[in-house]
Amino acid sequence: MNGVFVVGAGPAGMFAARQIALAGFEVFLFNRDIKPGGLAEYGIYPMKDKMKSGLRKQFAKVLELPNVHYFGHVQVGDVYDLSLAELEAMRPAAILYTCGAQGTKKLGLPGEDLMGVYAAKDFVYHYNQLPPYASMDFSTGKRIAVIGMGNVAIDIARWLLLDDPARQTEDVIIVARRGPSEIKFDKKEIEYVDRHISRAQLIAELDRVRERCASVGQDASPDTVFEQHFRRLKDPAFTSVPPRLSFRFLSSPLAVLPGNDGRIGGLQVAENELVLRPDGSTAAKDTGVRTTIAIDTLIFAIGDKHDARIGLPMGKDGYATKPNPESTKEPSYQVWDPTAERAVEGRFVAGWARLASTGLVGIARHDGEVGANKAIEFLKSLPDRCTMGADEVQARLEARGLRVVTKPDLELLTRAEQRAREPVPASPYGFADNESMFQAIDRERELLQTSASEGSQLVPTA
Ligand SMILES: Cc1cc2nc3c(=O)[nH]c(=O)nc-3n(C[C@H](O)[C@H](O)[C@H](O)COP(=O)(O)OP(=O)(O)OC[C@H]3O[C@@H](n4cnc5c(N)ncnc54)[C@H](O)[C@@H]3O)c2cc1C
Ligand SMILES: NC(=O)c1ccc[n+]([C@@H]2O[C@H](COP(=O)([O-])OP(=O)(O)OC[C@H]3O[C@@H](n4cnc5c(N)ncnc54)[C@H](OP(=O)(O)O)[C@@H]3O)[C@@H](O)[C@H]2O)c1
């Protein structure tokens with residue numbers, strides 16, 4: 001039997017698994033987290049209920065396929081639960097790595113390890129209740145700077161301004177190295193928080209950077225910027241409400257300054273000008289002017305990077321893939337060994353594991369499916385690799401002392417979550433650590449066994 005291993009059960013991995021299973025192969029999904037979904041479960045904003053539950057339903061359908069086998073709570077990687085050599089020893093015919101971009105990006109500044117300095121993904125994992133981040137300290141103060149102006153930065157601002165149960169935020173300051181023409185967030189997303197922006201303050205900030213933007217042909221006038229990004233602020237009668245959301249453009253972080261209490265107390269930034277690159281894009285250039293912003297929390301929302309500790313060969317932009325000099329429009333999904341200068345046969349990457357921090361769920365889904373098709377194409381010509389069966393794989397993982405989460409376990413966990421939500425149907429519920437999830441699974445299994453032995457209709461589905 002030719003089985004395909006898919007490492008990572010986020011959107012890319014789940015939709016890839018579906019594609020490969022529908023092509024008739026056995027699929028073995030290995031996932032670091034107990035639950036599938038990746039950032040669709042633990043990244044997408046908690047209040048986007050409809051979107052999250054819609055995706056959960058689609059993932060559940062994938063897991064219903066009889067030839068998809070799930071091994072949750074198994075972190076693949078040379079320094080983790082299962083090394084790449086151990087994975088290979090189970091004789092997969094192909095492996096598709098869809099493990100996302102798990103490395104966090106900061107800037108390597110002095111003072112970055114002070115208390116109150118966080119990477120966006122860790123912070124997002126925390127408020128979305130992913131163990132172990134759920135139970136770690138991500139306390140924030142009153143004045144929070146968020147570096148970067150993509151959708152992740154706005155999600156974090158939204159949490160701090162609207163939904164953080166601590167409710168102590170007074171100011172969120174979005175700090176961006178370039179100007180308003182380089183805003184990456186969507187109009188739809190800023191509208192969740194635009195009522196916290198002071199129109200007068202934003203106009204003053206645009207005036208401050210207007211000449212520097214004009215020097216590279218960018219129009220930073222309020223009319224243009226409001227039209228492009230802040231539609232509701234076009235109305236001169238627009239008034240804002242506290243807490244405040246403000247922007248500081250053309251500012252690159254240089255140093256994180258300590259406060260009195262061991263936490264961060266400030267951020268030193270370089271004032272930038274903009275220069276044109278040969279391709280017409282702009283780059284930020286330090287003017288030599290320095291400014292200090294008083295803050296007590298700093299969050300880097302500047303994208304993520306690939307986790308080098310998994311052991312996949314690394315290239316310039318993350319996991320190395322086969323170069324494709326003929327066509328940049330048709331990227332390669334095949335793993336590349338830069339030392340031996342050869343493609344690694346039957347090993348592929350897709351989703352954010354191929355291109356870190358790129359695009360929405362739909363893009364990750366598409367990329368997973370394209371990666372799956374590459375694997376299927378490869379498998380067509382392959383002799384039988386006698387991949388281990390699902391029971392054998394599970395036995396091997398358990399022999400390593402791993403508590404593996406299977407499809408029936410996920411069903412039990414879903415029941416336990418529904419039960420925990422019952423007293424307050426509208427409240428989001430998450431277990432803060434893996435141990436609580438295991439206990440909930442075991443408890444649910446016992447309950448079902450008791451009801452079954454008492455003649456109830458409730459029989460667990462395998
Ligand atoms: C904060 C945030 C909010 C977002 N909000 C939206 C939104 O509102 N709408 C939208 O369309 N898109 C949103 N996105 C984008 C979307 O989440 C991504 O496009 C998508 O999740 C990427 O899918 P992926 O499968 O490639 O990676 P991921 O979703 O990161 O999934 C990776 C999976 O791999 C597993 N894994 C990691 N390492 C290992 C390992 N070593 N061994 C085994 N398994 C491993 C993880 O447990 C995870 O299940 C958001 C992204 C972020 C960061
Ligand atoms: N609600 C949603 O739909 C949603 C929510 C979250 C994420 N997402 C998606 O997930 C993907 C990732 O989002 P993201 O916000 O992480 O990335 P992003 O959109 O690429 O934004 C990253 C921001 O970080 C800045 N940055 C990068 N490197 C920097 C550095 N060294 N110093 C200073 N600033 C730096 C970038 O500025 P420059 O432009 O100057 O490089 C940019 O403003 C995107 O496709 C996004 O749309 C969607």
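Each ligand, and each atom within it, is numbered from 1 in the order the structure gives. Along the sequence shown, residues carry numbers from 1.
- Atom 37 (C) of ligand 1 has its nearest heavy-atom neighbour, among Ser357, Cys99, Gly43, Ala364, in Cys99.
- Ion pair Asp163/Arg167 not flagged as a salt bridge, since none of the NZ, NE, NH1 or NH2 atoms sits closer than 4.0 Å to an Asp/Glu carboxylate oxygen.
- For ligand 2 and Trp352, the ligand atoms under 4.0 Å from any heavy atom of the residue are 10 (O), 11 (C), 12 (C).
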| request: Give the intermediate values and the outcome of side-chain contact (heavy atoms from CB on, under 4.5 Å) for residues Gln168 and Thr140. | output: CA-CA 8 Å; Gln168 56 183 2; Thr140 55; 4.2 Å; yes
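- The closest heavy-atom contact to atom 20 (C) of ligand 1, among the options Gly13, Ala120, Pro11, comes from Pro11.
- Selection from Glu189, Met14, Arg32 by nearest heavy atom to atom 36 (N) of ligand 1 gives Arg32.
- In this structure, Ala176 falls outside the shell of residues with a heavy atom less than 4.0 angstrom from ligand 2.
- For the pair Arg400 and Asp81, the salt-bridge criterion is not met [side-chain N within less than 4.0 Å of a carboxylate O].
- Residue-to-ligand polar distances place Glu189 within reach of ligand 2: an N/O pair is separated by less than 3.5 Å.
- For ligand 1, the atoms lying closer than 4.0 Å to a non-hydrogen atom of Phe30 are 43 (C), 44 (N).
- Atom numbering of ligand 1 starts at 1 in the shown order; those under 4.0 Å from a heavy atom of Val361 are 10 (C), 11 (O), 12 (N), 16 (C), 19 (O).
- Under a 4.0 Å heavy-atom criterion, Tyr192 is not in contact with ligand 2.
- When only modelled atom types and interatomic distance are considered, Ser332 and Asn324 share no side-chain donor-acceptor pair under 3.5 Å.
- Among Arg177, Lys105, Lys184, the residue whose heavy atom lies closest to atom 28 (N) of ligand 2 is Arg177.
- Below 4.0 Å from some heavy atom of Arg178 lie the following atoms of ligand 2, by number and element: 38 (P), 39 (O), 40 (O), 41 (O).
- In terms of N/O distances under 3.5 Å, ligand 1 is approached by Lys48.
- For atom 42 (N) of ligand 1, the closest non-hydrogen atom on the protein side is Val76 N, 2.8 Å.
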| request: Start with the C-alpha gap between Tyr70 and Asn31, add the side-chain angles, then the distance that decides, and say whether side-chain contact (heavy atoms from CB on, under 4.5 Å) holds. | output: CA-CA 8 Å; Tyr70 184 78; Asn31 195 39; 3.1 Å; yes
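- The aromatic ring centroids of Tyr333 and Phe348 lie 6.0 Å or more from each other.
- The shortest non-hydrogen separation linking Glu112 to Phe300 is OE2-CZ, 3.6 Å.
- At a distance under 4.0 Å, no protein heavy atom can be found next to atom 36 (C) of ligand 2.
- Here Asp304 has no heavy atoms under 4.0 Å from ligand 2, in either its backbone or its side chain.
- Under a 4.0 Å N-O distance rule, the pair Arg403/Glu398 does not qualify as a salt bridge.
- Between Lys35 and Glu41, at least one side-chain nitrogen of the basic residue sits less than 4.0 Å from a carboxylate oxygen of the acidic one, meeting the salt-bridge criterion.
- With respect to Glu227 and Arg231, a salt bridge is recorded, a charged nitrogen being found less than 4.0 Å from a carboxylate O.
- For atom 52 (C) of ligand 1, the nearest non-hydrogen atom from the set Val152, Ile363, Val79 comes from Val152.
- Checking atom 20 (O) of ligand 2 against the protein gives no heavy-atom contact under 4.0 Å.
- With respect to the salt-bridge test (charged N to carboxylate O, under 4.0 angstrom), the residues Arg396 and Glu392 do not qualify.
- Under the 3.5 Å distance criterion, with hydrogens and angles disregarded, no donor-acceptor pair is assigned to the side chains of Gln439 and Ser436.
- Ion pair Glu273/Lys285 flagged as a salt bridge, since at least one NZ, NE, NH1 or NH2 atom sits closer than 4.0 Å to an Asp/Glu carboxylate oxygen.
- The option with the heavy atom closest to atom 35 (C) of ligand 1, from among Leu87, Asn31, Val6, is Asn31.
- By the definition of a contact as any protein heavy atom under 4.0 Å away, atom 33 (C) of ligand 1 is in contact.
- In the candidate list Leu55, Val7, Ile44, Thr358, Ile44 is nearest to atom 6 (C) of ligand 1, counting heavy atoms.
- By the criterion of a heavy-atom distance under 4.0 Å, the side chain of Leu107, and not its backbone, is placed next to ligand 2.
- The residues Arg248 and Glu271 are annotated as salt-bridged, a charged nitrogen and a carboxylate oxygen being separated by less than 4.0 angstrom.
- Look at Tyr45 and you'll find every heavy atom at least 4.0 Å from all atoms of ligand 1.
- Taking a cut-off of under 4.0 Å to the non-hydrogen atoms of Val74, the atoms of ligand 1 that pass are 42 (N), 43 (C).
- Under 4.0 Å is where a charged nitrogen must lie from a carboxylate oxygen, and between Lys374 and Glu377 no such pair does.
- Proximity annotation for atom 15 (C) of ligand 1: of Ala301, Gly359, Ala353, Gly351, Gly359 comes nearest, heavy atoms only.
- With a heavy-atom cut-off of 4.0 Å, Lys48 touches ligand 2 through its side chain alone.
- Protein heavy atoms are found less than 4.0 angstrom from atom 47 (O) of ligand 2.
- Considering both main-chain and side-chain atoms, Met149 comes within under 3.5 Å of ligand 2 through a nitrogen or oxygen pair.
- Looking at Ala12 next to ligand 1, an N or O pair under 3.5 Å apart turns up.
- Contact annotation for Ala301 and ligand 2: only backbone heavy atoms (N, CA, C, O) come within less than 4.0 Å of the ligand.
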